[in-house]
Amino acid sequence: MGLRVSEIDYYSLHGIWGAYASLVLGRIGKGAGVVVGNVQPPSRSLFIGYQLGNESPRLFPFCPDTRVGLDATAYIDPDAPAKPVLAPPAYSYFQSQEIERYISLSGEEWKAGLVSFKVHSFFGKVPDPALSDPNVLRSHIRPAIYVSLTFDNTAHSEPLTGIFGMQGVRRPLSDSTNGTMLGFAHGTEWGFAVFPEETIDEVMDWRVVDAVFNGNRPLRRLASEGALRFKVPGGEKKVYHIALGVYRDGVITSGLRTQSYYTSLFHDLEEVLECALRDTSRMMQKSAQLDTSLEQKKLSDDRKFLLFHGIHSYCANTELLISEKGDPVFVVNEGEYQMMNTLDLTVDQAFFELEYTPWTVKNELDFFAVRSSYTDAYGLAFSHDQGVADCFTPPGMSTYELPRLSECFSYMSFEETLNWVLTASLYVSRTKDIQWFTDNVQYLEACLASMRARDANQDGIMDIDSDRCAGGAEITTYDSLDVSLGQARNNLYLGVKTWAAYVCLASLFEHYAPQYVSHIQEARESAQRAANSIQARMLDEGYIPAVFESNNRSKIIPAVEGLAYPYACAWPQLVAENGPYGSFIKTLKKHLDTVLAPGACLDAVSGGWKLSSTSYNTWLSKIFLNQFVAENILGFTDERVYRDGIHAHWLRSGSAQWAATDQVHSSDGHDMGSRLYPRLVTAILWTL
């Protein structure tokens, strides 16, 4: 059944993996439905409910007071005498206290009265399309999910009439399928369908709820509301499996001409829906198996919620494309911002992708190397992103980065180079893809040289901004925080991440190319210099200031963030207190122990984690990542680490409108940016 949640009024994105599409629902009194090519919640109505006998119909409260398209008045002479109109049957919405909401790894379920429905949207691993038979891929890269709709009329003798429908649909699917499927579609782009049964009818009307519960009317094909009507006799319980599918045909990106990968497997929306319906039984089993597998993990209910919620939003942002050469191109879009393959998200999403789709990490690394690398005055570097809203930028450029700035929208040249190195280290160490390492070793060599060139005083810490900044200053992924985490130069967070990249490079060369003796030595020496420099900054108060200049005294949690990467590469000795960098690790442990205090990096109001003592803008994906380090590497087990109930509450209350939101205010969790986001899948670290 899943995990029951206390606060039910929040949006979920039930993404269709690889299709950049989702079923959005969850806010009481607000819109719900299918979105394609974006993640913004729709303002349309989703109709789910029933009428028992002659009682008043009851619906789930996913119906804002909006109209879509024209209605009958647009076709009638306004001066003509008014004709009597049948009053629509009065209906009501289930109240919050009548509704139960459950969330699981595979989807979520809603229950009220005699009706329940479950969304099945996540099905686990996806095989590499370059290595798989197309017939196999049709079940994995099929742009469809399911809603299982249950009407339980076993305790009543009267018949029950059920409804599942949406606004924004313009054609009944029985027309294009000669009655082999029932349902409705929005053009050729998205729709929902079932196989025909005697108990199911299509209903299309300007007010489809009225039409479903008020007799049998002909289909009004001019309308923009369509629904399936279900008839359940007294004493019976019926379960209906509805397929929801999407289809965007033709070239859908600019800058680099690509199509949706699924168009190489399916001809149109109808074929997607029919294939999904025929595969229903197997997909329901996969959904159940996925949920069962997670039940075996020792996770708290709050952590389960955070993981499930994050995965659903991540899937909504994924887009698998196919180039004109026939090559797969994997893209993760950046939530509300819609930036494509943002590299500082990729490095953190890799933890999740390596569990379910490791080939996508290789695809991203290759695409970054070919499309997003450039050479500035100090060597190889990488762009922040690869485009926005299905518009690819020219090679070596991003949509985000601009010259002559020192805050948001400046360059992230150094950190993105670290991110490519760390992602490559995770990929090679976890997959043992030695061939990929061999084919790309020249990039790793160039990254090592570039990193060292940006350290003018040879203390292991970046202190030279890229000349692309043109007088400005480089920033980090924490762009919207203050200088404590936003400034790249002489930054504690980035310094530890630099150390991590050096030790990962040294280990990669040592394990897979031991002949590169000089590279191994250079990387190790640079890592030791970084560790020594950072340790030397420890203050008598027991913490390391966030920035090593301007007398900065900010306290930050992500000082320890970089430790996650060597550990996740299965090189735990590198982050052990009795390992080669033991003194450094102990120093960082002392730092974290000091800053995890109320009023510093524990919010004085909520008690939740603040990434910086001097900023209320805190990021959940990074909280999860740093929690993992605190528990599994540094050995923290006290209550300061387990603030998950607060963090889960933030998403179901303060940021309820925006599904998995990354940037929230630490006092109450209200959204501050990065809404509808994919990066919260860092929570997968809790299961590894």
_Exercise: identify the closest heavy-atom pair between Ile141 and Phe266_ =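 Here Ile141 and Phe266 meet closest at O-CE1, 3.9 Å.
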*Run the ring-centre check on Phe230 versus Tyr240 and record whether the distance is less than 6.0 Å.*
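Yes, ring centres under 6.0 Å apart.
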*Give a yes or no on whether the ring-centroid distance for Tyr93 and Phe60 is below 6.0 angstrom.*
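They do not qualify: ring centres at least 6.0 Å apart.
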*Please report the C-alpha distance between Asp279 and Arg142 in whole Å, then the side-chain angles of each, then the deciding distance to 0.1 Å, and finally whether the salt bridge (Lys or Arg N to Asp or Glu O under 4.0 Å) criterion is met.*
CA-CA 11 Å; Asp279 205 16; Arg142 179 175 53 221; 3.0 Å; yes
Side-chain ion pair, [X] and [Y], N-O less than 4.0 Å:
X: Arg4; Y: Glu100; result: yes
X: Asp291; Y: Lys118; result: yes
X: Lys125; Y: Glu353; result: no
X: Asp201; Y: Lys231; result: no
X: Lys30; Y: Asp65; result: no
X: Glu334; Y: Arg675; result: no
X: Glu197; Y: Lys238; result: yes

*asked:* Can you confirm whether Arg282 is buried at CZ, in the sense that more than 12 heavy atoms of other residues, nucleotides or ligands lie under 6.0 Å from that atom?
replied: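 Atom CZ in Arg282 is crowded, with more than 12 foreign heavy atoms closer than 6.0 Å.
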*Should we say atom CG of Asn54 is surrounded by more than 12 heavy atoms from elsewhere, each under 6.0 Å from it?*
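No, because the 6.0 Å sphere around CG of Asn54 holds 12 heavy atoms or fewer from other groups.
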*Ile163 CD1 to Thr161 OG1 distance, which is reported to the nearest 0.5 Å*: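 Reported value, rounded in 0.5 Å steps: 10.0 Å.
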*salt bridge (charged side-chain N to carboxylate O under 4.0 Å, His left out) with Glu225: which of Arg170, Arg67, Arg207?*
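That would be Arg67; it is the only one of Arg170, Arg67, Arg207 passing the salt bridge (charged side-chain N to carboxylate O under 4.0 Å, His left out) with Glu225.
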*Check: Ser121 side chain, Gly15 main-chain N or O, donor-acceptor pair, under 3.5 Å*: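 Flag not set: sc Ser121 to bb Gly15 has no pair under 3.5 Å.
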